[in-house]
Amino acid sequence: MMKVWNWLAAITLTLVATSPMAAQEEKEGNHTICSSVQMKTIETIKAQLPSDSDLNLLERGVKHAATLWNAEDGDCNVFQQFCIDNFAKDGTARKQLFERLSRTYEILLGHYNLIDVKLKEPLHLSGDPVQDIDLIVGSYDVSSHFSDDMYATKLAFVTALNFPPYSLAEKTAKGKKWSRLEWAYARLGDLFAARVPASLKMEVSKTLTEADAYIADYNICMDQLRNEAGEELFPTGMKLITHWGLRDEIKSNYAIADKGLEKQRMIYEVMKRIVNQDIPAVVINNSEVTWQPISNKVYQAGNELTNPSREEDIRYSHLLKAMQQHQKLDQYYPQMPTQLHRAFEGTMELLQSDVVKLFDRLLSSPQVKEVAGFISKRLGRPLEPHDIWYNGFKGRGSIPEAELDAITKAKYPNAEAVWKDLSRILVNLGWDEAKAKKIVSQIVVDPSRGAGHAWGATMRGEQAHLRTRITPEGMDFKGYNIAIHEFGHNVEQVLTLEDVDYYMLSGVPNTAFTEAVAFLFQKRDIEMLGLSNPSPENEYWEALDAFWGTMEIMGVSLVDIAVWEWFYQHPDATPAQLREAVLTEARRVWNTYFADILGGKDEPLLAIYSHMIDNPLYLPNYPIGHLISFQIEEAVKDKNIANELTRMLTYGRIIPQQWMEHAVGEPISIDPLLRKTTVALEKLAK
């Protein structure tokens, strides 16, 4: 699970790069500044430039600024004089301007981020119940007027004129020859590639905040579940968030012989009730009633409730509203006219078609059936749909959850205890003590209301936040596992902000890369507790675990993508119609890739992921992150992990494929994982 908050990424997510020349053609005849004025402006400035000046940059800058200029910014004469006065006439002047603008944006974005962290604390941190006022305050987007303010002060135009954006195709073709400074120039250009009204950005923020609050406070009281015989299977006080807590409980029960399978099957029924939206509304976050998920009967004080109301379509209402709000952004991105384009080409900087091909290749590979057969033999039974979350490859698979809970609760009774142990963890991973303490000094641990997330700083010297769920009895193993994942995010956030050479290159290419680092940490969670038992076979078990987890989340991601494609074909859909579309796509993907190995034709299980609801089109980042993580893992094997991660991460926010070439010597690929999976099956079958 893990939502990653990074403000510079959030700003550029809304202001993703388009091709300035193409955008110019799209708006020709429509915008305030006509072609003749643009050409006159270019010729006037050209006459003032040194003979060796980059005239292409001049032309790009003037034409791009013209696409952003509105009537309220001034007439053609004002535009022309502005460009003449503000175009950096040589390389020295341009570099000085870049430094001033970088400082300005770091101050602005850094403080916006800090305000947002504070305002959302009642929503994100454990404590008193969420009040209506908390939702109102939390949905306020302090940066919503950033763009408008920058245009009003003309800072946006200064930036756009001197640092015009480049398309993904241009970055791919030219980026390998760019210097670090040229890459920083290009990233500065990404800030003002489109002009989106503040009111619309505020609407988007409010919608996502509401969806996030819905997910963060959606819990199932497990001790109130009953099987059809009326038996209670789960311990008193167990309360699990959907979907992460439910999924992790399925995983933990592979290590339980007594009723472990029955518990998994019950959770699976709960999940289906949630996605089908026939879950009784009264059982959500309610410890006063008991519920039989299979028959869907609800009891209060021993008496069955008659026809309890279902949750209606609240889940899909949140998703639909998010889709509708993002669709409103389409008109401002003529070269990326859908959220799908912006999520892939703009934010991920990978083509959707390339990502889908990667997913299809792995899901269609013979290794899927081979690994499924291997799992079936280990379990001694045919696989069932919930086995998509099989967890028996890891060392913890043989350790009962209760034992792990006892260890983590004793070790981490509160957030302070978690923070105090972070330096030790980094030293164990290979950082020297001084650097470990330096990194940890930039991190704060907070008890989370939801399952947990990592929220990075956006200004050097500020702290990143690690949020994880801590019960009154201490942190259970699920919370610990999430905390280690989030800690990986935090380490990335600190290194890529504090140690990268240019502020505009801070961060990683896209969120898949920070997920990759988090996965590297998370897979070592048992080791960090001092429970690992290294053996020559460990790397093979880890390969199978990586393969199975990647396969699972690829299927979920394909559902997410397909649902958005459906929405663009049915923009006037109702929540009920969207619900049916989500379930239809979940069943289709299941039947295509999973039914033959996990059974259960027409299973809707892939629709359960919460990020589909509260973080639109984020899910494809996870499988890409798994692939990147595996490739990095192979590259750092037998090397100092800390040194290698530092080398890779301080390369900064370059486009993904160039970053990977630098990090591991090859682009993002499924082939290393497929090869290692085949070898693992051969070795472990002996």
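Since the structure is predicted, the reported quantities are computational estimates derived from the model, not experimental observations. If you read the sequence from its start, that first residue is 1, and numbering goes on from there.
Between Asp278 and Arg310, no side-chain nitrogen of the basic residue sits less than 4.0 Å from a carboxylate oxygen of the acidic one, so the salt-bridge criterion is not met. Under 4.0 Å is where a charged nitrogen must lie from a carboxylate oxygen, and between Lys206 and Glu203 no such pair does. Using a 4.0 Å cut-off between a side-chain N of Lys or Arg and a carboxylate O of Asp or Glu, Asp387 and Arg381 qualify as a salt bridge.
Between Tyr254 and His386, the ring planes lie tilted relative to each other; the angle falls in the 30° to 60° range. Taking the six-membered ring for Trp and thresholds of 30 and 60 degrees, Trp566 and His570 have nearly parallel ring planes, at less than 30 degrees apart. Note: Trp389 and Tyr609 have tilted aromatic rings, judged against thresholds of 30 and 60 degrees for the angle between ring planes.
Judged by distance alone, with hydrogens and angles left aside, the side-chain atoms of Ser139 form a donor-acceptor pair with the main-chain N or O of Ile136 at under 3.5 Å. Panel note: side chain Gln577, backbone Thr574; a donor-acceptor pair is recorded below 3.5 Å. Distance alone, capped at 3.5 Å, places no donor-acceptor pair between the Thr242 side chain and the Met271 backbone. Side chain of Arg449 to backbone of Asp217: no donor-acceptor contact under 3.5 angstrom is found. Using a distance-only test at 3.5 Å, with no hydrogens or angles considered, a donor-acceptor pair links the side chain of Thr408 to the main chain of Asp405.
Between Trp548 and Ile388, the closest heavy-atom pair is NE1-O, 3.3 Å. The two residues Gln324 and Pro571 come nearest to each other via the heavy atoms NE2-O, 4.5 Å. Looking at every heavy atom in both residues, Gly600 comes nearest to Trp590 through O-NE1, 3.0 Å. The minimum heavy-atom distance between Asn276 and Arg587, with the atom names listed, is OD1-NH2, 4.4 Å.
By the ring pair (Phe, Tyr, Trp, His ring centres under 6.0 Å) test, Tyr214 is found to be paired with Tyr218, His318, residues two or more places apart in sequence or in another chain being considered. Evaluation of the salt bridge (charged side-chain N to carboxylate O under 4.0 Å, His left out) rule for Arg378 yields no partner, not counting sequence neighbours. A search for salt bridge (charged side-chain N to carboxylate O under 4.0 Å, His left out) contacts involving Arg226 returns Glu232, not counting sequence neighbours.
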Practice item. I would like to know whether Arg265 and Glu262 meet salt bridge (Lys or Arg N to Asp or Glu O under 4.0 Å); could you show each step before the answer? Key: CA-CA 5 Å; Arg265 288 170 175 167; Glu262 185 179 2; over 6 Å; no

Take Asp476 and Arg469 through the side-chain contact (heavy atoms from CB on, under 4.5 Å) test and state the conclusion after the steps. CA-CA 8 Å; Asp476 61 19; Arg469 182 171 282 198; over 6 Å; no

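Between the CZ atom in Phe567 and the OG1 atom in Thr338 there is a gap of 10.5 Å [rounded to 0.5 Å].
A donor atom on one side chain and an acceptor atom on the other are found under 3.5 Å apart for Trp291 and Asn296. Between the side chains of Asp525 and Gln522, not a single donor N or O lies within less than 3.5 Å of an accepting N or O. For the 3.5 Å distance criterion, the side chains of Asn490 and Glu486 fail to qualify, holding no donor opposite an acceptor. Donor-acceptor pairing under 3.5 Å is recorded for the side chains of Tyr593 and Asp360. Residues Ser295 and Glu228 bring a donor and an acceptor atom of their side chains to less than 3.5 Å of each other.
Counting heavy atoms from C-beta outward, Ile670 and Thr550 have side chains that stay 4.5 Å or more apart. Using a 4.5 Å heavy-atom cutoff, the side chains of Ser365 and Val368 are in contact. When side chains are defined from C-beta on, Ile470 does not count as touching Tyr412, because their heavy atoms never get closer than 4.5 Å. Put simply, the side chain of Val371 reaches to within 4.5 Å of the side chain of Phe393, judged on heavy atoms. Within the 4.5 Å cutoff, the side chain of Glu565 has heavy atoms near those of the Leu340 side chain. Side-chain contact between Lys272 and Glu603 is present, with at least one heavy-atom pair separated by less than 4.5 Å. Within the 4.5 Å cutoff, the side chain of Gln339 has heavy atoms near those of the Tyr568 side chain. Annotation: side chain of Trp455 is in contact with side chain of Lys120 (closest heavy-atom distance under 4.5 Å).
With Val582 as the fixed residue, the side-chain contact (heavy atoms from CB on, under 4.5 Å) test singles out one of Leu606, Asp560, Val563: Val563. When each of Phe519, Phe521, Trp244 is tested with His485 by the rule ring-ring contact (aromatic ring centres under 6.0 Å, His included), just one qualifies, namely Phe519. Results of the side-chain hydrogen bond (donor to acceptor under 3.5 Å, both in side chains) test with Glu249 over Gln264, Lys478, Lys263 single out Lys478 as the only residue that passes.
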